[in-house]
Amino acid sequence: MPWSNQNGGGWKSGGGGPWGQGPQGGPGQQPDLEELLKRSQDKLKQAMPGGGGSGFIWVIIALVLGGFWIYQSVYQVDTEEQAVVLRFGELNRTEGPGLHIIPWPLETVEKLKVQVENQLSNDRALSGNEASLMLAGDQNLVDIRYTVLWKISDPQQYLFKVREPERLVSVVAESVMRDVVGRTPAEQIRTSGREAAQEEAQELIQKTLDTYNAGILIRAVRMEKADPPPRVVDAFEEVQRAEQNQNKFIREAERFRNKRLGQARGEAAKILEDAKAYKAKVTTEAEGEAKRFISVYEEYSKAKDVTRKRLFLETLENVLSRSNKVIIEQGSGGSGVVPYLPLPEIAKGNARRRGGQ
């Protein structure tokens, strides 16, 4: 006999289990969930042709399978993507952006983002090793941080020619960068040669990937950092400061040299001009003396006695004018030495005294 109590909470006769029958209870009782499901199933069977049964189950299965087939067969390709359709796992065709349908499972689809630019970096903070340290051409270590920008150029080759395209790009990029840096001095990599190294690396990476038919286009190679290793940064900065001081002293020496060179050139030009002027003066005087001599000779040839006497007198006048003169009176009645009064000198001295007063 089912158990019951006065509160109506136990088993009831004719009930559907320990929770009671449910729908036939009085106020405050909740409907039985199993009873509701059973009634709904009965109504659905009555609505189906033939009263339901096993046919209903097959219809549900068919609807589920049809929905799953549609879900697998219809696909959307975005504007930045390209779809590669495989028939029995073999390449069949490619599809552009839009809504498409395929007979799944005979055909499957691989969608690739061909318009998206991918980025690959060798940042040591991400890789967790010292892969960024490279040996330069002058046997110095350089901490290289670079980024490779690439995109898919051929979806077919990208899917079928290489197994791990991204890893291939990473390995080829590192190999090429080590080759380029190994042939370039460290100072050139850090300064003026960085752009040329980037262009050379991009060209070599692209050629290498083309030999593998990877279907990848290298858009750019950016060398973001080219510094000495962290452990020698302080020493390197000290060397840089010494080089800067050296360059400063060299520039100061060059300025002093240019200044002295300009002064020397000016003095040399002045001496040269003075020499030219002296040359012209001496030449002119010599030519004048020569013309004077020629004129005197011409006069002499015309009247030799007169010219000889005139030359004698002029020479005597020139000599006596610059010497002390003593006059001696000759004869028995002479007084001997006659005092000579330098009248021109006396006149000049009187004139100076009058001017001073």
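Note that the structure is predicted; figures quoted are calculated from it, not measured.
For Asp305, the side-chain hydrogen bond (donor to acceptor under 3.5 Å, both in side chains) test picks out Arg308, with sequence neighbours left out. When the salt bridge (charged side-chain N to carboxylate O under 4.0 Å, His left out) test is applied to Glu199, no partner is found at least two apart in sequence or on another chain. Remark: Glu224 pairs with no residue by the salt bridge (charged side-chain N to carboxylate O under 4.0 Å, His left out) rule, at least two apart or across chains. For Glu200, the side-chain hydrogen bond (donor to acceptor under 3.5 Å, both in side chains) partners at least two apart in sequence or on another chain are Arg183. With sequence neighbours excluded, no residue forms a salt bridge (charged side-chain N to carboxylate O under 4.0 Å, His left out) with Arg194. For Asp210, there are no salt bridge (charged side-chain N to carboxylate O under 4.0 Å, His left out) partners two or more places apart in sequence or in a different chain. Residues passing the side-chain hydrogen bond (donor to acceptor under 3.5 Å, both in side chains) test with Glu187 are Arg190, sequence neighbours excluded.
Side-chain contact between Gln119 and Val148: absent, with no pair of heavy atoms (C-beta onward) separated by less than 4.5 Å. Contact check for Ile144 versus Ile189: side-chain heavy atoms found under the 4.5 Å cut-off. Tyr146 places none of its side-chain heavy atoms less than 4.5 Å from the side chain of Gln198. Proximity of Leu120 to Trp150: side-chain heavy atoms (C-beta onward) are separated by under 4.5 Å at one or more points. By the 4.5 Å heavy-atom criterion applied to side chains, Leu313 and Arg310 are not counted as neighbours.
Taking each heavy atom of Gly215 and Gln157 in turn, the nearest pair found is N-OE1, 3.3 Å. Residues Ala136 and Pro185 share a closest heavy-atom pair of CB-C, 4.2 Å. The nearest pair of heavy atoms linking Ala197 to Met223 is CB-CE, 4.0 Å.
Atom NZ of residue Lys248 and atom CZ of residue Arg241 lie 14.0 Å apart, to the nearest 0.5 angstrom. The structure places CG of Asn118 at 10.0 Å from NZ of Lys113, a figure rounded to the nearest 0.5 Å. In this structure, NZ in Lys281 is found 10.0 Å from OG1 in Thr284, a value given to the nearest 0.5 Å.
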Run the numbers on Lys207 and Glu203 for salt bridge (Lys or Arg N to Asp or Glu O under 4.0 Å), then give the verdict. CA-CA 6 Å; Lys207 288 183 178 179; Glu203 182 179 357; 3.3 Å; yes
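A side-chain contact (heavy atoms from CB on, under 4.5 Å) with Leu204 holds for exactly one of Asp179, Val221, Ile218, Leu209; it is Asp179.
A distance-only check finds no donor-acceptor pair linking the side chain of Asp143 to the backbone of Leu133 [under 3.5 Å]. Remark: the backbone N or O of Thr147 is not paired with any side-chain donor or acceptor of Ser121 at under 3.5 angstrom. No donor-acceptor pair closer than 3.5 Å links the side chain of Thr184 to the backbone N or O of Val181. Using a distance-only test at 3.5 Å, with no hydrogens or angles considered, a donor-acceptor pair links the side chain of Asn247 to the main chain of Glu243. Remark: the backbone N or O of Gln188 is not paired with any side-chain donor or acceptor of Ser192 at under 3.5 angstrom.
Residues Ile216 and Tyr212 share a single hydrophobic cluster, defined by chaining ILVMFWY side chains whose heavy atoms lie under 4.5 Å apart.
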Listed pairs under 3.5 Å, donor-acceptor, residues 158-172 side chains, sequence neighbours left out:
none

Under 3.5 Å, sequence neighbours excluded: what are the donor-acceptor pairs made by side chains of residues 269-277?
residue	atom	partner	partner atom	Å
Lys270	NZ	Asp274	OD2	3.2

Residues 252-264, side-chain donor-acceptor partners within the protein, below 3.5 Å, at least two apart:
residue	atom	partner	partner atom	Å
Asn258	ND2	Glu254	O	3.0
Arg260	NH1	Gln263	OE1	2.6

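When hydrophobic side chains of Ile, Leu, Val, Met, Phe, Trp and Tyr are connected at separations under 4.5 Å, Leu135 ends up clustered with Leu141. Other members of the cluster containing Phe249 do not exist, because no ILVMFWY side chain is joined to it at under 4.5 Å.
Residue Lys151 qualifies as enclosed at atom NZ: its count of foreign heavy atoms under 6.0 Å is above 12. Around atom CD of Glu285, more than 12 heavy atoms belonging to other residues, nucleotides or ligands sit under 6.0 Å away.
Classification of Glu174 and Arg178 as a salt-bridged pair holds, one side-chain N sitting under 4.0 Å from a carboxylate O.
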